Amino acid sequence: MPDIQYRLEQVRRIEGTLPGPRSRELSARRQEAVASGVASSVPAYAADVDGGIVLDVDGNQLVDLGSGIAVTTVGASAPAVVARVKEAVEHFTHTCFMVTPYEGYVAVAEKLAELTPGDFPKKAALFNSGSEAVENAVKIARVHTGRQAVVVFDHAYHGRTNMTLAMTAKVMPYKQGFGPFAGEVYRVPVSYPFRDPEGMTGAEAARRALLQVEKQVGAGNVAAVVIEPIQGEGGFIVPAEGFLPALSQWCTDNGAVFVVDEVQAGVARTGAWFAVDHEGVVPDLITVAKGVAGGMPLSGVVGRAEIMDSVHAGGLGGTYGGNPVACAAALGALETIEEWDLIARARRVEEIIREELTPVAEETGIVGEIRGRGGMMALEFVLPGGKEPDADAAKAIAAECLAQGVIILTCGTFGNIVRLLPPLVIGEDLLRDGLRVFAEAIRHAAQ
Ligand SMILES: *Cc1c(COP(=O)(O)O)cnc(C)c1O
């Protein structure tokens, strides 16, 4: 694997207090100006970000184990992304692809078709956010099938627009008070090996879900089955082997579109281009966003050309969708993944995480499970001796990590999961340093 040159020194350092005086000043301004519904997990304000380091406005250097929620897979200032963005922005910031098209959009669509699984003709449409991609996948599936029902799963997260909130499972904080939500969305059980009956296979979990679909929705009414291949906000839940292939097969047999939401798990994050690749599953449509453009806002729906092309001309789009600067960033990010072999690095990140954290999990008894793939790993915290979720432990651990200068995120329906999403360009020493702080915090919480 090539060595990566960093601009910022890759060491953790707290200068005085966290947050420092300049961050506290910005917090005070924010209190007056920014709506309080928008919350931040880290109290420090960013000044510069490179590799695995977030440098704040007071000179603190934090270890980044969150990547701005799985976005900066290639780092937040990857040289190829920066160079291509500069080049693009000096020529034009926008024309609107629906008015005057440009090459970058076409090139990203070609690249997505090339990288996603399936050796059939594929096409893509580009948007701005993950939510928008998911919502458009539903629109496309409905037109293609002439049906309305959308099947989603327990613990799912698909975004915050009205349609995608209907698809998202968790009420607090995402849905509370924001209804009524879009109709024709049906939720069925997912495969959650840690909490399912002992020994339940992926095929059995799929049968449990699909029986409900057949009885409560009707197979002939289903436009799309939409699933995250590894659930993100819901708790980094990796379904039992065989679950995704069974859903895929059912969709084929019943004329429904199988949509896999790879917004969080996709684009090298799990040690493969797409998380479905681990099981050889070939979705009809895939949604991508987060990691695809090195931090610039870009998302897309990519999949079978005949499905993508069912929509009438002008039926898909949006003012900013596939913005030229964001497309340039995406080409830079995808090139970086290839040149720096970040897929192999994601696998190495998993090895290091398992190596550093398995001992502390065994020794403390509060870690129910370490799970995930590649650079998308999580620990599920439970009360000792059982499986009762322990959200307080996860919260306390994340807070202690932060106080020590390590950015770590929590997630999960029960709030008891700590997830690790380091930028894949993080150096091994810095990653181990961050994980050791995490391990110490777990030991504290277990006392
Ligand atoms: C983050 C996320 C979304 C929503 O993406 P936004 O860009 O925040 O709208 C959708 N699906 C999954 C799986 C996600 O992780």
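All values below were derived from every heavy atom in this structure, side-chain atoms included, with hydrogens, water molecules and symmetry-related copies excluded. Fair warning: this is a prediction, and the values are worked out from it, not measured in the lab. Note that ligands are numbered from 1 as they come in the structure, with each ligand's atoms numbered from 1 the same way.
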- prompt: Quick one: does Asp277's side chain have a donor or acceptor within less than 3.5 Å of a partner on Phe274's backbone?
  reply: yes
- request: Write out the residue and atom name of the closest protein heavy atom to atom 4 (C) of ligand 1, then the distance separating them to 0.1 Å.
  value: Ser131 N, 3.5 Å
message: Does Gln148 form a side chain to side chain donor-acceptor pair (under 3.5 Å) with Asn221? I'd like the steps, not just the answer.
response: CA-CA 6 Å; Gln148 294 187 351; Asn221 297 320; over 6 Å; no
- prompt: Can you name the closest pair of heavy atoms from Arg187 and Ala156 and give their distance?
  reply: NH1-CB, 4.1 Å
- prompt: Between the candidates Lys290, Gln264, His158, which shows the shortest non-hydrogen contact distance to atom 14 (C) of ligand 1?
  reply: Lys290
- prompt: By number and element, which atoms of ligand 1 are closer than 4.0 Å to a non-hydrogen atom of Glu228?
  reply: 13 (C)
- request: Specify the protein heavy atom at minimum distance from atom 11 (N) of ligand 1: its residue, its atom name, and the distance to 0.1 Å.
  value: Asp261 OD2, 2.7 Å
- line: So the atoms of ligand 1 within less than 4.0 Å of a heavy atom of Gly130 turn out to be 4 (C), 5 (O), 6 (P), 7 (O), 9 (O)
field: Validation row: Phe153, Leu247 side chains within 4.5 angstrom (heavy atoms)
entry: yes
- request: Decide whether the shortest distance between a heavy atom of Gly232 and an atom of ligand 1 is less than 4.0 Å.
  value: no
task: Just jot down the ligand 1 atoms closer than 4.0 angstrom to any heavy atom of Ser129, in number order.
output: 7 (O), 9 (O)
- request: Would you please name every residue forming a ring-ring contact (aromatic ring centres under 6.0 Å, His included) with Tyr157, sequence neighbours left out?
  value: Tyr174
task: Might you work through the side chain to side chain donor-acceptor pair (under 3.5 Å) test for Trp273 and Glu262, ending with a clear yes or no?
output: CA-CA 10 Å; Trp273 273 110; Glu262 291 256 11; over 6 Å; no
